[in-house]
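Since we're looking at a predicted model, the values are computed, not measured. Just follow the structure's listing: the first ligand is 1, and inside any ligand the first atom is 1.
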Amino acid sequence: MKKTKMDYFVLKKKSKYDTICQEGSDIVAELKDVKGIGPKSLSLLNKINIYTIEDLVTHYPFRYEILKRNELSEVGDGEKIIIDGRVESIPILMRFKAGLNKMNFRLVTPSGVVGVSIFNRAFLKNQLTVGTGVTVIGKLDKTKNIITAADIKLETLSNKMKIEPVYHCTNGLTNKNLSTYINMALLMHGKEIPDYIPKEYLEKYNFSNKKTSLNLIHNPSTEEKLKEVTVRLKYEELFAFMFKINYLKIQNKKKNQGLERQIDKNMLNKFIKNIPFKLTDDQKKAIDEIVNDLEASHRMNRLLQGDVGSGKTIVSFVAMVANHLSGYQSALMAPTEILATQHFNNLKNFLKDTDVNIELLTGSTSKKDKQKIYEDLKNGNISMIVGTHALIQEEVEYNNLGLVITDEQHRFGVHQRANLQNKGKKPDVLYMSATPIPRTYALTIFGDMDVSTIKQRPKGRQKIDTFVKKNSEIKDVLEMMYKELKQDHQVYVIAPLIEESENSDLTTVCKLKDQMKLAFKDKYNIDIVHGKMASAAKDMIMSKFKENEIQILISTTVIEVGVDVPNATTMVIFDADRFGLSTLHQLRGRVGRGTSKSQCILISDSDAERLKIMERVDDGFEISEEDFKLRGHGDLFGTKQSGDMAFKIASIKSDYKILLQAKKDSKEYLLNKETDKEDLKRKLIESITNG
Ligand code: ADP
Ligand code: MG
């Protein structure tokens, strides 16, 4: 089975014959060797994904219960009580049939005397001698002045508090069972649990050793200690993770020989000079980085990040030209047909004075045309192909694919991306993303890639004014639209999001169209585009909008990504609260693409606080961070791709600072030749390369 990033922390099961080299290097024992774990508990542990002793001791509590001592007077009748005291009377034991038993004794506490009774703890009788200090946890019956105890601990709490771990359990496996097994495993094998932090960093940060840390995370004595070891264990997990990412990145460069190529720079510069606008410095820099990668001996694996409207497309076109000039085919994959078509038209236009053969391949390309395209791709007649998923169908074979570009790449699954880059021999790969992948995620999910970032917006761009409006203010909204329309500008309207049925998309956009018609009479052309439309029809509407034959375009979110109509200056979004901020930012990015002042109106009756962020912030990266804080990553990635799944204790969301430090340290450690002979380094590397 191939190891993925997510499997990093699933260690191989060790064979009995592996040698133990040093303290903390390997666990030879198996889970069933832990005292108390029989076949039944073993299968229950397996059920919650615990297979090895290491799994067991790193089954961290997901929260803690803080047990604070009570005074008798502050606890109401039938309420839970935790109280310290001394045994005052010899416990009286009563046995019932079926092996049940009950024990009663009196307890003196600082706040008074109380009776205690507990079931089925006959074995405690000899220890509960008069004068013994105990902590009783149970329920208080105020009228009888008796605590029915659930547990008696043979110690008084040293502090006012006790912190108890709470674990994810399963039916038949209680919190107490887990705690017992974990502590037994630590007692028997604590010293053999591998530590993934190299000695030098343990010392540098004054971290406690692994065994102590594990002991403390499962049995914290104080909140401060708990905090301390939590940081330490998080750092360890992130260190190992980042070590592997760094390693892969270096290996990728070393091993992954790219294609042999030479790019005619003179020709390339001529193309660049012909671009009808002045490239921003960030665009130029991105182009340089990409061209360098293409020429370098390693295979390019680069992410081109830039906020909506920052001008990534032109950069990708230049990359395709560079690739073409060195004699290879290029493929550009977009997530929607509208976007693929737009790219295709722009690329054709960009290269109109050349004889470069460019084709478009999407799901709606006719069978006959497809056959021809397949043939021409195979025999090399086509130099550049733009398309959707259709590009990665099995039938598609390339003659000499040299560059693969995926636009809005977070829209594609990992699998689909991999499919396309495996099409050629070793094509260079460029991913483009406007979303606003939060820095944290970019770092982990794309951690083994190089990144080019476009921060500057093209000259003349202005901030898009954003307003949150209520449905009752629709009249204002219509007036705002009208003001723009009068100036010959165009408007997008995003219809309310409804997922009830196949046709509901259509119903809502149609309804909205009628309402708009009512408001604007026949002054302006209004049309609709939605996801269920045949793609030829979609394209026709889009090109009409581009040509300003349509002034108001009502749409579902199909236009969310990439579409570029500079004369559209107003974006109206109904039901704005139903969208993530990143999506809203993408939608908003459809306007403000020319030099005219643009605006975005978010209509919603609820969730105003969140939407107000949109009024304030216009930087996509910042918005994605905000969105991420509010909604988690679910909006951006399927859970399978999400980094957090890989972590047992760390969270890239809240432990970003630790992550950065671990990233820096692990890289330093990886590159340090003096540590090459260390067992730990070997082990970290092995866990990536085996598998
Ligand atoms: P995105 O990064 O969101 O994909 P696009 O590549 O679609 O953005 O570019 C947005 C618009 O900006 C397009 O109309 C494009 O032609 C234009 N554009 C790109 N770069 C520049 C520039 N340097 N100066 C002026 N306009 C530019
Ligand atoms: Mg784009």
Side-chain angles (χ1 to χ4, degrees), residues 269 271-290 302-321 332-336 338-352 386 405-412 430-437 442 451-464 489-490 492 542-543 545-548 557-569 571 582-598 600 618-621 623-624:
N269 285 330
F271 271 104
I272 294 176
K273 281 221 176 74
N274 274 336
I275 296 173
F277 41 72
K278 197 170 171 291
L279 292 174
T280 63
D281 289 345
D282 282 352
Q283 283 173 318
K284 282 188 207 151
K285 183 158 169 259
I287 289 173
D288 282 347
E289 286 167 342
I290 291 165
R302 183 170 286 278
L303 174 70
L304 175 60
Q305 276 203 99
D307 205 350
V308 253
S310 62
K312 294 180 293 294
T313 317
I314 193 72
V315 174
S316 72
F317 288 178
V318 173
M320 287 167 92
V321 170
L332 169 59
M333 183 160 81
T336 62
I338 291 182
L339 190 54
T341 310
Q342 176 183 292
H343 283 333
F344 171 71
N345 290 330
N346 288 343
L347 185 63
K348 274 204 96 123
N349 188 36
F350 181 53
L351 296 176
K352 62 178 181 293
V386 182
I405 302 175
T406 50
D407 192 13
E408 304 298 344
Q409 74 80 34
H410 66 283
R411 289 271 170 143
F412 294 102
L430 179 68
Y431 303 102
M432 296 198 282
S433 179
T435 311
I437 296 159
V451 180
S452 296
T453 306
I454 307 183
K455 282 228 174 79
Q456 296 163 317
R457 309 248 175 117
K459 249 192 143 151
R461 293 287 162 80
Q462 303 175 49
K463 185 172 182 284
I464 302 161
H489 292 147
Q490 293 158 276
Y492 289 104
M542 283 318 293
S543 60
F545 189 60
K546 228 174 170 147
E547 300 302 320
N548 200 359
T557 49
V558 289
I559 58 141
E560 177 197 336
V561 288
V563 176
D564 189 41
V565 180
N567 189 50
T569 55
M571 166 66 68
S582 292
T583 303
L584 291 175
H585 181 68
Q586 288 281 318
L587 287 168
R588 177 169 68 178
R590 295 312 109 218
V591 298
R593 307 202 131 225
T595 44
S596 308
K597 185 80 182 160
S598 295
C600 172
D618 72 336
D619 174 80
F621 289 90
I623 283 177
S624 75

S.K.: Between Gly309 and ligand 1, is there a nitrogen or oxygen pair with a distance under 3.5 Å?
M.R.: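 It does: an N or O of Gly309 is found under 3.5 Å from an N or O of ligand 1.
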S.K.: I'd like the name of whichever of Phe350, Phe277, Phe317 reaches closest to atom 22 (C) of ligand 1 through any heavy atom.
M.R.: Phe277
S.K.: Any nitrogen or oxygen of Gly311 lying under 3.5 Å from a nitrogen or oxygen in ligand 1? Just yes or no.
M.R.: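 The answer is yes, given that Gly311 and ligand 1 share an N or O pair closer than 3.5 Å.
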S.K.: Who are the side-chain contact (heavy atoms from CB on, under 4.5 Å) partners of Gln462, not counting sequence neighbours?
M.R.: Lys597
S.K.: Under 4.0 Å, heavy atoms only, figure out whether ligand 1 is touched by the backbone of Arg593, its side chain, both or neither.
M.R.: side chain
S.K.: Specify side chain, backbone, both or neither for Asp564, according to which of its non-hydrogen atoms lie closer than 4.0 Å to ligand 1.
M.R.: side chain
S.K.: Kindly assign one of parallel, tilted or perpendicular to the pair Phe317 and His343, based on the angle between their ring planes and the thresholds 30° and 60°.
M.R.: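 If you compare the ring of Phe317 with that of His343, the planes turn out perpendicular.
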S.K.: How long is the span from the CD atom in Gln456 to the CG atom in Asp282, to the nearest 0.5 Å?
M.R.: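 Gln456 CD to Asp282 CG: 4.0 Å, rounded to 0.5 Å.
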S.K.: With a 4.0 Å cut-off on heavy atoms, is Ser310 touching ligand 1?
M.R.: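 For ligand 1, residue contact (heavy atoms, under 4.0 Å) with Ser310 is present.
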S.K.: For Lys312, run the side chain to side chain contact (heavy atoms under 4.5 Å, CB included) check against Gln305, Met432, Gln283 and tell me which one passes.
M.R.: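 Answer after filtering Gln305, Met432, Gln283: Met432.
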S.K.: Indicate, with yes or no, if the rings of Phe545 and Tyr492 have centres closer together than 6.0 Å.
M.R.: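 Yes, ring centres under 6.0 Å apart.
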S.K.: Could you tell me which residues satisfy salt bridge (Lys or Arg N to Asp or Glu O under 4.0 Å) with Arg302, sequence neighbours excluded, listed by chain and number?
M.R.: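 Residues passing salt bridge (Lys or Arg N to Asp or Glu O under 4.0 Å) with Arg302: Glu289, Asp293.
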S.K.: For ligand 1, note which part of Lys278 has a heavy atom under 4.0 Å away: side chain, backbone, both or neither.
M.R.: backbone
S.K.: Under 4.0 Å between a side-chain nitrogen and a carboxylate oxygen: does that hold for Asp564 and Arg593?
M.R.: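 Looking at Asp564 and Arg593, the cut-off is met.
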S.K.: Could you list which atoms of ligand 1 come closer than 4.0 Å to a heavy atom of Thr280?
M.R.: 23 (N)
S.K.: Within a distance under 4.0 Å of any heavy atom of Thr313, pick out the atoms of ligand 1 and give their elements.
M.R.: 4 (O), 5 (P), 6 (O), 7 (O)
